[in-house]
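Working notes for the structure below.
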Amino acid sequence: MTEAVTFWDGVYAARPAATHPRPNTRLTEVATPLPPGDALDLGCGDGGDALWLAGQGWQVTAADISAVAVERLAALARAHGLGDRVTAVRHDLRDSFPEGTFDLICAHYLHTPFDLDRAGVLRAAAHALRPGGRLLVVDHGSTAPWSWNQDPDVRYPSPREVAAGIALDPAAWTIERADAPRRIATGPGGRTAEVTDHVLLIRRNP
């Protein structure tokens with residue numbers, strides 16, 4: 001077991017298992033108008049995004065490095081009557097990527113204290129899109145008071161910088177959105193704080 005797996009298993013094991021995890025705001029903004037299809041959730045965590053997508057009629061593959069997170073999500077999907085729409089799989093994205101092609105791939109807050117070729121992972125995700133499919137990348141643009149990373153010198157690349165790092169051919173992929181909206185986030189124990197999201201939405205051209 002790698003250090004990264006041990007770390008993330010510990011993060012999730014230390015949390016109470018969520019019974020009704022909420023989806024990310026940026027996902028509901030982007031996905032609500034889209035017709036349901038096949039979705040891939042990279043770094044599914046507590047499973048709020050995967051369960052929401054499944055409830056909207058999507059067929060969801062949800063991947064996480066943590067076996068604790070994956071097992072909890074599989075059980076939660078069954079408990080919500082969505083077991084036939086959610087496939088939870090463990091992947092260390094440094095070594096493997098889920099198989100298949102997708103209409104929507106989302107990567108919310110795919111940050112880690114361990115080495116990860118994030119641009120390479122997101123490039124692989126873009127190539128796993130079907131024509132017309134979208135890749136939604138939502139990153140932290142600020143540090144929440146409850147974040148595991150409280151490094152005062154941390155720098156969050158802008159959405160355009162993230163897009164430049166992925167280095168996709170503009171003839172084949174189009175940037176539909178690259179902005180930095182703010183919102184009020186709720187953390188552990190009901191604490192709230194204003195945070196910034198860095199939102200990048202890329203569409204594979206038909």
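It should be emphasised that the depicted structure is a prediction, and the values quoted were computed from it without experimental measurement.
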Tell me, do [X] and [Y] make a side-chain contact under 4.5 Å, heavy atoms counted?
X	Y	result
L93	L42	yes
T61	F102	yes
L27	L104	yes
T112	F7	no
Y12	V70	no

task = May I ask you to check whether W173 and H127 place their ring centres under 6.0 Å from each other?
result = yes

ask   = Are there more than 12 heavy atoms of other residues, nucleotides or ligands under 6.0 Å from atom CG of D84?
value = yes

query = Minimum heavy-atom separation for C106 to L53, with atom names?
reply = SG-CD1, 4.5 Å

request  = Please report the closest heavy-atom contact between D64 and G43, naming both atoms and the distance.
outcome  = OD2-C, 3.4 Å

ask   = Does D197 come within less than 4.0 Å of R183, counting only side-chain N to carboxylate O?
value = yes

ask   = Got a donor-acceptor contact below 3.5 angstrom from the D139 side chain to the P159 backbone?
value = no

task = Verify whether one side chain among R130 and T101 offers a donor that lies under 3.5 Å from an acceptor in the other.
result = yes

